[in-house]
There are 2 protein chains.
Amino acid sequence: MTNTTLTPAQMAERTGVSLDTLRYYEREGLLDDVTRADNGHRRYSEDDALWIEVLRCLRATGMTIEQLRHYCELGAQGDTTKPERRQILLDHRRLIERQIEERQEALRLVDHKLEHYREIT
Amino acid sequence: MTNTTLTPAQMAERTGVSLDTLRYYEREGLLDDVTRADNGHRRYSEDDALWIEVLRCLRATGMTIEQLRHYCELGAQGDTTKPERRQILLDHRRLIERQIEERQEALRLVDHKLEHYREIT
DNA sequence: CAACAAGCTGGAGTGCACTCAAGGTCAAGC
DNA sequence: GCTTGACCTTGAGTGCACTCCAGCTTGTTG
């Protein structure tokens, strides 16, 4: 069993992305040419697993499917698109930073409201 | 014009919440008894403004409309619900902290990918 | 007074990201 | 040989949080 591929179920387990969502991402062009076993079943590679982790992370921080598709298309077009891909990541990085700031402010606000309840268990 | 109330437009401007969304929140029970001018137009108080800021903040950090409605209902039920309201805020606080951690991890991942592009402008 | 801006209501529509359903294939185990 | 389970495809359905629309009233302005 020195098999380096993952079944759909294993991938779902490992990445926390559901079977349906894995197929959905593939349909949307976020995951290209997943190899297949003889019976037509998907066999994900380790690289697929890493990329799906990236997808999960970018989605969780608010990148849309549309934006991810664009990023993937750029990747497929080769090295000339590297600057644009880099810019997309830089822009998203700033978005994440703003999200962190927004949440730190939210913590302050929640803490302020919690003071109002401080006398209780 | 020493008027301490805000028109819908002023409230939208101030809080960044759209007119439609302000009405939607009211319909959903997140905003009770907004006073009205003689002509039936809404006149928001300063307290409304503060509360809408809270709503915006909690929504922005992932509290659902349903949860917010529940929180509001508890508030309307009086002081006996204080412990539950406090617990809701504590739970949400933990959620926000997890979101910050998730985003800090996302930053690391994005930075890692950016290293791959470091040779470019 | 005409016309425009601001607001009102009830209800329908939208966009996004999944998520589910129906009907089928295929391999392994009893 | 039949059932079970994992997977397949296509296409429809769902849930959420808005967002828009039609048709109305009211107040202001040239």
Side-chain angles (χ1 to χ4, degrees), chain A residues 1 3 5-45 48-49 52-72 92 95 99 102, chain B residues 1 3 5-45 48-49 52-72 92 95 99 102:
Chain A
M1 297 300 172
N3 193 343
T5 64
L6 297 163
T7 66
Q10 288 169 334
M11 185 61 102
E13 163 79 10
R14 170 149 155 187
T15 61
V17 176
S18 79
L19 292 171
D20 273 318
T21 301
L22 285 171
R23 286 190 284 259
Y24 167 67
Y25 285 175
E26 194 176 337
R27 250 183 291 162
E28 294 298 318
L30 311 187
L31 219 57
D32 42 31
D33 57 286
V34 173
T35 59
R36 302 289 181 126
D38 292 348
N39 58 10
H41 290 194
R42 289 172 181 80
R43 285 298 119 86
Y44 296 99
S45 68
D48 289 333
I52 289 164
E53 289 288 3
V54 172
L55 287 180
R56 208 193 49 72
C57 165
L58 295 177
R59 278 291 304 123
T61 51
M63 191 173 285
T64 66
I65 299 293
E66 178 60 30
Q67 290 170 316
L68 284 166
R69 176 166 38 228
H70 180 57
Y71 185 82
C72 291
H92 192 65
L95 178 66
Q99 290 175 352
E102 181 169 40
Chain B
M1 296 304 171
N3 194 344
T5 64
L6 296 163
T7 64
Q10 287 168 336
M11 184 61 102
E13 163 79 11
R14 170 148 156 189
T15 62
V17 175
S18 79
L19 293 170
D20 272 317
T21 302
L22 286 171
R23 286 191 283 259
Y24 167 67
Y25 285 175
E26 195 175 336
R27 249 183 291 163
E28 293 298 318
L30 310 188
L31 218 59
D32 40 32
D33 57 287
V34 174
T35 59
R36 300 292 180 124
D38 292 348
N39 58 11
H41 290 195
R42 290 171 180 81
R43 284 298 119 85
Y44 296 99
S45 69
D48 289 333
I52 288 164
E53 289 289 1
V54 172
L55 287 180
R56 207 193 50 71
C57 166
L58 295 177
R59 279 291 304 122
T61 51
M63 190 173 286
T64 66
I65 299 293
E66 178 61 30
Q67 291 169 316
L68 284 167
R69 177 166 37 229
H70 180 57
Y71 185 82
C72 291
H92 191 66
L95 178 66
Q99 291 175 353
E102 181 169 40

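In what follows, every chain begins at residue 1, and chains take the letters A, B, ... in the order their sequences are listed. Worth knowing before you read on, the calculation uses all heavy atoms, side chains too, and leaves out hydrogens, waters and symmetry mates.
The distance from the CZ atom of A/Arg14 to the CG atom of A/Leu6 is 5.5 Å, given to the nearest 0.5 Å. Considering CD1 of B/Ile52 and OG1 of B/Thr21, their distance stands at 11.0 Å, rounded to 0.5 Å.
Although no hydrogens or angles enter the test, the distance criterion places a donor-acceptor pair under 3.5 Å between the side chain of A/Arg59 and the main chain of A/Met63. Panel note: side chain B/Glu102, backbone A/Ala60; no donor-acceptor pair is recorded below 3.5 Å. Formation of a donor-acceptor pair under 3.5 Å by the A/Thr35 side chain with backbone atoms of A/Arg43 is found in this model.
A straight line from CG of A/Asp38 to C1' of C/dC26 spans 11 Å, rounded to a whole angstrom. Rounded to an integer number of Å, the gap from A/Leu22 CG to C/dC18 P is 11 Å. For the pair B/Leu6 CG and C/dA6 C1', the computed distance is 15 Å after rounding to whole Å. Put simply, CG on B/Leu55 is 10 Å from P on D/dC18, counting in whole angstrom units. Between the CZ atom of B/Arg69 and the P atom of D/dG15 there is a distance of 15 Å, rounded to whole Å. One interatomic measurement links the two molecules: CG of B/Leu19 to C1' of C/dG7, which rounds to 9 Å at whole-angstrom precision. Taking atom CG on A/Leu68 and atom P on C/dC18, their separation rounds to 10 Å, with Å as the unit. The OH-C1' distance, from A/Tyr24 to C/dG15, rounds to 11 Å in whole Å.
In this structure, A/Thr21 does not reach the C/dA17 phosphate: none of its side-chain N or O atoms is under 4.0 Å from OP1 or OP2. The phosphate of D/dC7 has OP1 or OP2 within less than 4.0 Å of a side-chain N or O from A/Thr7.
Sequence neighbours left out, the pairs with a member in residues 18-27 of chain A that pass salt bridge (charged side-chain N to carboxylate O under 4.0 Å, His left out) are A/Asp20-A/Arg23, A/Glu26-A/Arg36, A/Glu26-A/Arg42.
A heavy-atom distance below 4.5 Å is not found between the side chains of A/Tyr71 and A/Leu30.
Among the atoms of the strands shown, only primed sugar atoms or phosphate atoms (P, OP1, OP2) are found under 4.0 Å from some heavy atom of B/Ala9.
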Write out a two-atom table: protein N or O, nucleotide N or O from nucleotides 8-14 of chain D, distance below 3.5 Å.
| from | atom 1 | to | atom 2 | distance (Å) |
| --- | --- | --- | --- | --- |
| D/dC8 | OP1 | A/Arg42 | N | 2.7 |
| D/dC8 | OP1 | A/Arg42 | NH1 | 2.8 |
| D/dC8 | OP2 | A/Arg23 | NH1 | 3.2 |
| D/dC8 | OP2 | A/Arg42 | NH1 | 3.0 |
| D/dC8 | O5' | A/Arg42 | NH1 | 3.3 |
| D/dC8 | O3' | A/Arg36 | NH1 | 3.4 |
| D/dT9 | OP1 | A/Arg36 | NH1 | 3.4 |
| D/dT9 | OP1 | A/Arg36 | NH2 | 3.1 |
| D/dT9 | OP2 | A/Arg42 | NH1 | 3.2 |
| D/dT9 | OP2 | A/Arg42 | NH2 | 2.8 |

